[in-house]
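Input: a single structure, listed below in structure tokens.
Model, not experiment: these values are computed from the prediction.
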Amino acid sequence: MSTPPEQRPLKAVLWMVMTGFCFIGVQATVKHLGPGIPPAESAFLRYLLGLVFLIPMWPELKRARLSRRALALFTLRGAAQAGAVIMWFYAMTRITIAEVTAMNYMSPIYVTLGAAIFLGEPLAARRMAAIGVAFLGALVILRPGMRELDLGHIAMIFAALGFACAYLVAKRMTGEVSPTVVVAMMSIMVTIFLAPFAFAHWVQPTFQQLGWLFLVACFATAGHFTMTLAFQAAPMAVTQPVTFLQLVWASLLGWVVFHEPVDGWVVLGGCLIMASVSFIAWREMRLKAAPAVPPPLPPQG
């Protein structure tokens with residue numbers, strides 16, 4: 001008899017560590033590319049090149065009988081994800097990797113709020129307090145009034161909101177179609193939505209730039225795969241705190257490779273946000289007999 005997933009916490013932690021490395025690979029590659037290619041075009045090419053990973057999913061996608069409602073929801077998700085990815089790529093060219101990582105942690109908080117508002121999920125006092133701590137963490141990172149905010153910070157606020165909206169739609173659709181169809185439709189719709197923005201300000205990429213963007217697609221695909229394996233191996237209360245290591249790797253990477261200063265306020269704010277996300281995950285595990293569908297690790301482009 002196989003071991004139940006919740007009894008394999010060490011395996012889940014190892015998968016989440018690998019997930020963090022994959023997503024840091026995404027960030028490092030995008031940061032290395034810099035502003036040479038417009039953000040919308042970079043995002044479009046990343047998803048276009050990533051369509052190669054859909055080839056094994058094609059037979060199941062063809063068998064899926066999608067209703068008009070399902071197509072409408074997938075369209076909505078594609079629009080939200082596309083806007084978020086553009087904002088994320090733009091932010092990566094403007095602010096530090098650590099700031100992008102820390103602010104991306106707000107996405108699960110927005111998911112919790114959205115689930116309460118749009119899906120009717122309960123929002124108890126303790127969860128509200130945790131959300132308040134998360135917003136305090138965001139203020140610690142941004143420090144409005146104490147320093148000049150960059151457009152990259154504003155972009156990351158909207159990126160986290162967009163990723164949260166996309167996840168809420170995906171959460172609704174997982175009860176109607178298989179995860180394979182959900183992933184495939186996201187990739188297709190996002191590519192379609194990004195296309196007009198990309199061609200509006202097209203810059204001819206070099207073969208080297210295309211290679212780097214394909215590497216981004218490889219890192220992102222591998223990261224989502226290992227994250228899924230982690231969620232299968234243990235509840236979110238076990239896996240979610242491990243994602244804080246991504247902020248550690250991001251800070252070290254920015255300091256060593258890109259000569260970005262380590263900002264203690266960013267680390268402190270990230271800790272507050274991750275503590276609130278972990279508390280919400282722990283409460284979900286305690287309140288429900290079966291583990292809830294976990295909020296995603298913030299997507300990396």
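- For the pair W88/M103, no side-chain contact is recorded, criterion being any heavy-atom separation below 4.5 Å from C-beta on.
- To the nearest 0.5 Å, the span separating CD1 on I157 from CG on L149 amounts to 7.5 Å.
- Residues L245 and M16 have side chains not in contact (no heavy-atom distance under 4.5 Å, counting atoms from C-beta outward).
- Side-chain contact between N104 and F163 is present, with heavy atoms from C-beta onward closer than 4.5 Å.
- Scanning all heavy atoms of the two residues, the minimum distance from P144 to L139 falls at CD-O, 3.8 Å.
- Atom NE2 of H153 and atom CG of D150 lie 6.0 Å apart (nearest 0.5 Å).
- Atom CD of Q81 sits about 12.0 Å away from atom CZ of F193, to the nearest 0.5 Å.
- In this structure, the side chains of Q209 and E41 stay at 4.5 Å or more apart for every pair of heavy atoms.
- Between M106 and I273, the closest heavy-atom pair is SD-CD1, 3.7 Å.
- Expressed to the nearest 0.5 Å, how far CG of L161 lies from CE of M156 amounts to 10.0 Å.
- Cluster annotation: V133 and V266 are assigned to distinct hydrophobic clusters (Ile/Leu/Val/Met/Phe/Trp/Tyr, side-chain heavy-atom contacts under 4.5 Å, transitive).
- Between F21 and W249, the two ring planes are parallel [angle under 30°; tilted spans 30° to 60°].
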Start with the C-alpha gap between Q246 and Y105, add the side-chain angles, then the distance that decides, and say whether side-chain contact (heavy atoms from CB on, under 4.5 Å) holds.
-> CA-CA 10 Å; Q246 190 175 336; Y105 286 149; 3.7 Å; yes
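- Although no hydrogens or angles enter the test, the distance criterion places a donor-acceptor pair under 3.5 Å between the side chain of E99 and the main chain of T96.
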Trace of the side-chain contact (heavy atoms from CB on, under 4.5 Å) decision for I109 with F135 | CA-CA 9 Å; I109 300 298; F135 279 109; 4.2 Å; yes
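- The hydrophobic clustering, which links ILVMFWY residues whose side-chain heavy atoms are closer than 4.5 Å, places I86 and V203 apart.
- V248 and F258 fall within a single hydrophobic cluster, where Ile, Leu, Val, Met, Phe, Trp and Tyr side chains are chained together by heavy-atom contacts under 4.5 Å.
- Only one option out of M57, K62, R63 pairs with P59 in a side chain to side chain contact (heavy atoms under 4.5 Å, CB included); it is R63.
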Could you walk me through whether L247 and M274 pass side-chain contact (heavy atoms from CB on, under 4.5 Å), step by step?
-> CA-CA 10 Å; L247 181 57; M274 275 308 305; over 6 Å; no
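- Side-chain contact between L71 and M185: present, with at least one pair of heavy atoms (C-beta onward) separated by less than 4.5 Å.
- Judged by distance alone, the side chain of T93 and the main-chain N or O of Y90 form a donor-acceptor pair under 3.5 Å.
- Smallest separation of non-hydrogen atoms from W212 and T29: O-CG2, 3.3 Å.
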Would you check, one step at a time, whether the test side-chain contact (heavy atoms from CB on, under 4.5 Å) holds for V52 with I55?
-> CA-CA 6 Å; V52 67; I55 294 175; 4.0 Å; yes
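- A heavy-atom distance below 4.5 Å is not found between the side chains of H32 and L215.
- No path of Ile, Leu, Val, Met, Phe, Trp and Tyr side chains, each step under 4.5 Å between heavy atoms, connects M128 with L272, placing them in separate hydrophobic clusters.
- Separating the CZ atom in F279 from the CD1 atom in I131 is a distance of 11.0 Å, to the nearest 0.5 Å.
- No side-chain heavy atom of L61 sits under 4.5 Å from any side-chain heavy atom of L54.
- Cluster annotation: I97 is not connected to L268 through the hydrophobic network of ILVMFWY side chains, with a link wherever side-chain heavy atoms come within less than 4.5 Å.
- The neighbour count for F158 CZ, taken as heavy atoms of other residues, nucleotides or ligands under 6.0 Å away, does not exceed 12.
- Among all heavy-atom pairs drawn from I141 and R147, the shortest one is O-NH2, 2.6 Å.
- Aromatic rings of F199 and F44 (six-membered ring for Trp) have centroids within the 6.0 Å cut-off, being under it.
- One finds the OG1 atom of T19 at 12.0 Å from the CD1 atom of I24 (value rounded to the nearest 0.5 Å).
- Closest non-hydrogen pair, S251 versus A98, comes out as OG-CB, 3.6 Å.
- Without hydrogens or angle criteria, R46 side chain to A217 main chain gives no donor-acceptor distance under 3.5 Å.
- Across all non-hydrogen atoms, the minimal contact from G269 to V140 is N-CG1, 3.8 Å.
- With a 4.5 Å cut-off on side-chain heavy atoms, C218 and F53 count as touching.
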